[in-house]
Protein chains: 2
Amino acid sequence: MASKAVPSETQRSKLERKERVILEAARAIFVDHGFDGARMQEIARRAGIGEGTIYSYYESKAELMLAVLEQFWDGLTLEAEGVMASVQATDFFDRLQALAQYHLNTVIVNADFINLTFALRRNNSEVSVSRDHLRHYVAVFDRLFLRGQDRGELRTDAVLWQARDIFYGSLEYSARSIEMTLEDDRKPREQEPVVEQMVSLFRAHYGARPEREAADGATLAGLSRQIEQLTEKVDMLSGRLS
Amino acid sequence: MASKAVPSETQRSKLERKERVILEAARAIFVDHGFDGARMQEIARRAGIGEGTIYSYYESKAELMLAVLEQFWDGLTLEAEGVMASVQATDFFDRLQALAQYHLNTVIVNADFINLTFALRRNNSEVSVSRDHLRHYVAVFDRLFLRGQDRGELRTDAVLWQARDIFYGSLEYSARSIEMTLEDDRKPREQEPVVEQMVSLFRAHYGARPEREAADGATLAGLSRQIEQLTEKVDMLSGRLS
DNA sequence: CGAAAATATCGAATGCTATTCAATTAGCCT
DNA sequence: AGGCTAATTGAATAGCATTCGATATTTTCG
């Protein structure tokens with residue numbers, strides 16, 4: 001009986017396993033050779049299957065790459081969430097710094113995949129990474145930011161999408177610049193301060209400012225208090241004089 | 001005699017003209033069909049020459065695209081400089097807004113070329129847009145920024161490369177987001193405030209603050225001084241009265 | 001259990017293109 | 001003019017994704 005109990009369940013998991021094997025092989029080959037450089041034959045060989053078989057799992061090379069990319073972004077999302085979970089600090093800016101450092105590094109290391117994510121739509125018709133996968137990734141930032149607002153560390157009138165554009169946009173642009181200066185003969189731009197500068201901008205621009213100080217330490221609330229006291233005194237004096 | 005004077009000068013300019021014709025045809029076809037969709041045959045037909053002839057002008061399809069891209073970036077540089085020249089305002093932030101508006105629009109309209117600029121390096125070996133062409137383009141921003149510093153409109157301790165990364169990075173990221181929400185069923189994000197927000201961030205973060213004034217011209221330091229003087233007077237008076 | 005039906009796999013054949021190259025043409029010089 | 005060089009051509013080549021008929025494996029059901 002047991003020997004007969006081999007229903008579609010087993011078959012399904014078998015197919016799913018094979019699909020994972022193909023995806024894993026594809027990922028490896030794409031990483032090594034890029035999209036154009038990757039040969040379907042080599043992917044098939046690495047997955048231990050025939051060339052044609054790939055096409056019963058994925059429509060085309062482009063769709064295979066797309067599956068790899070979506071898996072890639074999901075992986076990034078998990079990693080970013082992992083970074084957020086492992087940061088001890090509860091302070092918004094410390095956590096932001098950790099996320100920024102992670103993202104910058106990721107973007108530099110995986111520049112090719114990230115470019116392909118947005119180039120695929122153009123080159124190959126109708127094929128593009130689902131927006132949901134990208135949305136999930138940036139949601140890590142969004143949650144951090146909203147929490148910062150809830151905790152009163154960030155201005156409540158800050159515009160989330162603008163902060164997000166600045167965060168991810170600047171970091172990706174910086175990564176490209178860093179890469180370019182690396183291949184360059186010229187003095188490479190220091191990578192280190194990028195993240196610090198970013199955090200410091202966020203602190204200055206989005207940080208809640210319970211008390212903005214002038215150069216000499218004067219604050220609005222402080223001055224207001226002094227004026228009240230003065231007014232009292234003056235009133236007293238003028239009362240005595242009359 | 002005159003009929004005989006047809007030296008290499010004529011020949012050279014003829015070749016150069018043909019090169020321009022090829023480039024123009026390639027540009028048109030690439031714009032219409034993208035890189036992969038473009039057929040060398042069609043480019044040749046449009047340029048009115050044989051297929052093989054292209055290869056005596058450009059090594060490969062990728063190098064042809066590269067030439068198109070470099071021409072494209074040079075064109076953008078000229079246009080950006082044109083925008084800067086045509087803006088009447090001398091105020092830094094007004095000029096910045098004009099540049100931002102131009103860049104955002106450009107990035108949205110030419111998203112495919114811009115992606116290809118950075119994707120080419122990855123896909124096709126050894127082929128990438130010369131960094132100089134990109135540098136020239138961003139130099140428009142750099143000059144504007146440095147001038148703003150010279151004129152005392154911007155903090156002198158502002159870091160140029162950071163400002164540049166934020167400017168171009170955020171705008172490009174915003175453009176992608178806008179594009180994505182456009183193809184989306186969801187409510188599209190409003191494009192308009194992107195530029196305004198950007199300028200306002202620059203004003204707040206990089207603007208020189210010789211004395212941040214309230215609406216009525218009051219400054220913290222000024223009020224602080226006035227209060228000190230008042231306090232002195234009051235103390236003197238109260239001393240005299242006692 | 002066994003055979004038919006359905007499904008999955010295979011890799012040689014196909015088709016599409018960028019690229020090459022041998023033949024041809026046009027330009028230049030004496 | 002006529003020889004020499006450089007440019008041009010498009011048919012032939014070659015590389016690769018994709019298809020498809022043949023084959024193997026699994027499932028179904030009498």
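Per chain, numbering begins at 1; letters A, B, ... match sequence-line order.
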Which whole-number value in Å describes the distance from [X] [atom1] to [N] [atom2]?
{"X": "B/R17", "N": "D/dA7", "atom1": "CZ", "atom2": "C1'", "value": "15 Å"}
{"X": "A/E42", "N": "C/dG11", "atom1": "CD", "atom2": "P", "value": "16 Å"}
{"X": "A/E63", "N": "D/dT18", "atom1": "CD", "atom2": "P", "value": "10 Å"}
{"X": "A/Y58", "N": "C/dA8", "atom1": "OH", "atom2": "C1'", "value": "16 Å"}

#### Entry: Cationic tip of B/R164 above B/F141 ring, under 6.0 Å, 45° of axis
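That pair does not qualify as a cation-pi contact.
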### Task
Check whether NZ of the Lys or CZ of the Arg B/K61 lies under 6.0 Å from the centre of the six-membered ring of B/F35 and within 45 degrees of that ring's axis.
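Yes - B/K61 lies over the ring of B/F35, closer than 6.0 Å to its centre and within 45° of its axis.
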Would you call [X]-[Y] a salt bridge at under 4.0 Å N-O?
{"X": "A/E81", "Y": "A/R143", "result": "yes"}
{"X": "A/R176", "Y": "B/E172", "result": "yes"}
{"X": "B/E51", "Y": "B/R39", "result": "no"}
{"X": "A/R147", "Y": "A/D150", "result": "no"}

### Task
List the steps, then state whether side-chain contact (heavy atoms from CB on, under 4.5 Å) holds for B/L64 with B/F30.
CA-CA 10 Å; B/L64 177 56; B/F30 280 136; 4.2 Å; yes
### Message
Nearest to the side chain of A/I49, heavy atoms from C-beta on, is which of C/dC10, D/dT9, C/dT9?
### Response
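In terms of side-chain proximity for A/I49, the closest of C/dC10, D/dT9, C/dT9 is C/dC10.
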### Summary
Output field dot_bracket for DNA chain C (Watson-Crick or G-U, both distances under 3.5 Å, | for other-strand pairs) contains ||||||||||||||||||||||||||||||
For nucleotides 16-18 of chain C, tabulate all protein N/O to nucleotide N/O atom pairs closer than 3.5 Å, reporting atom names and distance.
| from | atom 1 | to | atom 2 | distance (Å) |
| --- | --- | --- | --- | --- |
| C/dT17 | OP1 | B/R39 | NE | 3.2 |
| C/dT17 | O5' | B/R39 | NE | 3.3 |
| C/dA18 | OP1 | B/A38 | O | 3.1 |
| C/dA18 | OP1 | B/R39 | NH1 | 3.2 |
| C/dA18 | OP1 | B/K61 | NZ | 3.0 |
| C/dA18 | OP2 | B/M40 | N | 3.2 |

### Query
OP1, OP2 of D/dA7 versus side-chain N and O of B/K18: anything below 4.0 Å?
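Result: no.
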#### Entry: Any B/T53 side-chain nitrogen or oxygen under 4.0 Å from OP1 or OP2 of D/dT9
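Looking at the OP1 and OP2 atoms of D/dT9, one of them is under 4.0 Å from a side-chain N or O of B/T53.
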### Message
Students often get this wrong, so: under 4.0 angstrom with heavy atoms, is B/Y57 touching a base, only sugar-phosphate, or nothing?
### Response
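Touches sugar-phosphate only.
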### Message
Quick check on side-chain contact (heavy atoms from CB on, under 4.5 Å): which of B/L120, B/I114, B/D74 does B/L69 satisfy it with?
### Response
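Only match with B/L69 under side-chain contact (heavy atoms from CB on, under 4.5 Å): B/L120.
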### Close aromatic pair by centroid cut-off 6.0 Å: A/H103 and A/Y137
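Yes, close enough.
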